[in-house]
Amino acid sequence: MKKTINQYEVLQWASLFLLKHNREENVGQLLLQHYLQVSRSTFFANMRENIADEVVDKFKQSIILHAETGIPIQHITGVETFYGRDFQVNKDVLIPRPETEELIEHIVTTAGDKGQTIVDVGTGSGIIAITLALELPNSNVYATDISPQALKVARQNAENLKANVTFLQGDFLQPLNDCSFTPDLIVSNPPYIAKADEQTLSDTVKMFDPHLALFADDNGLAAYKNIIDSIQPGEKSIIFEIGHLQGQAVTQLLKDKYPKAEVLIIKDINGHDRIVSAKI
Ligand code: GLN
């Protein structure tokens, strides 16, 4: 007869297996919680409860797959939580990062909900555009992406979360400029990693996040240059997520085009430069 196993025991197994493969241990908790379909508090309250064999089997297979191949758990579960909401993700979009929640927090607290027009450039899974549309319901939110596959994911997320966002396919600001549309606020978390830094990334990132979403030419600055170059008269503010060493360079790009712009570099909770915000 097969021995029943409780949550605690199966997590212990997962932790050891993950450690042996140099993977993060907390993946076990996140995945098991996903398969049990319970909240974090219920999960911890039920540590000594036995688990159905089918759940144990599915969980173990996923842990082994993640440990051996580096596939992100979000590609196994198909979801990632961002700013308290579940977004569908797949290989066509960047998996949402916690740093981007700080970008949202910054906009929600500083921009206010005064009915402005916002565009999220390079929306990927749609997290920024959709979250802003839901947090700032008086705003008019647009989002662009060059990848039709990413837009498919973003549209599905907007529908699932009942967010009113207009999606446009095209390169950075191009689709808006094509119809001479000038938003009040441009937001973007564009690709910003230099190709030369590829070897510093974990296999979970470099083998599974779309390279279109990660890498940019010109030492990682090409997307910022493209967006800044195509800003139209009438656009008032721009807020970028940046790589932690890019604050000065992105500020300079903005200053080159708008010498009078007020530019701020804002740090994330780890003390790293993470946001560049400009009034132009
Ligand atoms: N805007 C999306 C995000 O922040 C996609 C970013 C990207 O693909 N570089 O996750």
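Hydrogens, waters and symmetry mates play no part in the numbers below; they use all other heavy atoms, side chains included. In listed order, ligands and their atoms are each counted from 1.
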Side-chain donor-acceptor distances from residues 164-176 under 3.5 Å, at least two apart:
{"residue": "Gln169", "atom": "NE2", "partner": "Ile146", "partner atom": "O", "Å": "2.7"}
{"residue": "Gln174", "atom": "NE2", "partner": "Asp178", "partner atom": "OD1", "Å": "2.8"}

Requested in this report: Can you tell me which residues line ligand 1 if we count any heavy atom under 4.0 angstrom from one of its atoms, in chain and number order?
Outcome: Leu94, Thr100, Gly122, Thr123, Gly124, Ile127, Ile128, Asn189, Pro190, Pro191, Ala213
Requested in this report: Could you label the plane-to-plane angle of the Tyr224 and Tyr192 rings as parallel, tilted or perpendicular, counting under 30° as parallel and over 60° as perpendicular?
Outcome: parallel
Requested in this report: Please work out whether the ring planes of His211 and Phe215 are parallel, tilted or perpendicular, with thresholds of 30° and 60°.
Outcome: perpendicular
Query - Salt bridge Glu135-Arg85, side-chain N to carboxylate O under 4.0 Å - result: yes
Query - Arg23/Asp203 ion pair, N-O < 4.0 Å - result: yes
Report task. Describe, in one word, how the ring planes of Tyr142 and Phe181 are oriented to each other, choosing from parallel (under 30°), tilted (30 to 60°) and perpendicular (over 60°). Result -> tilted
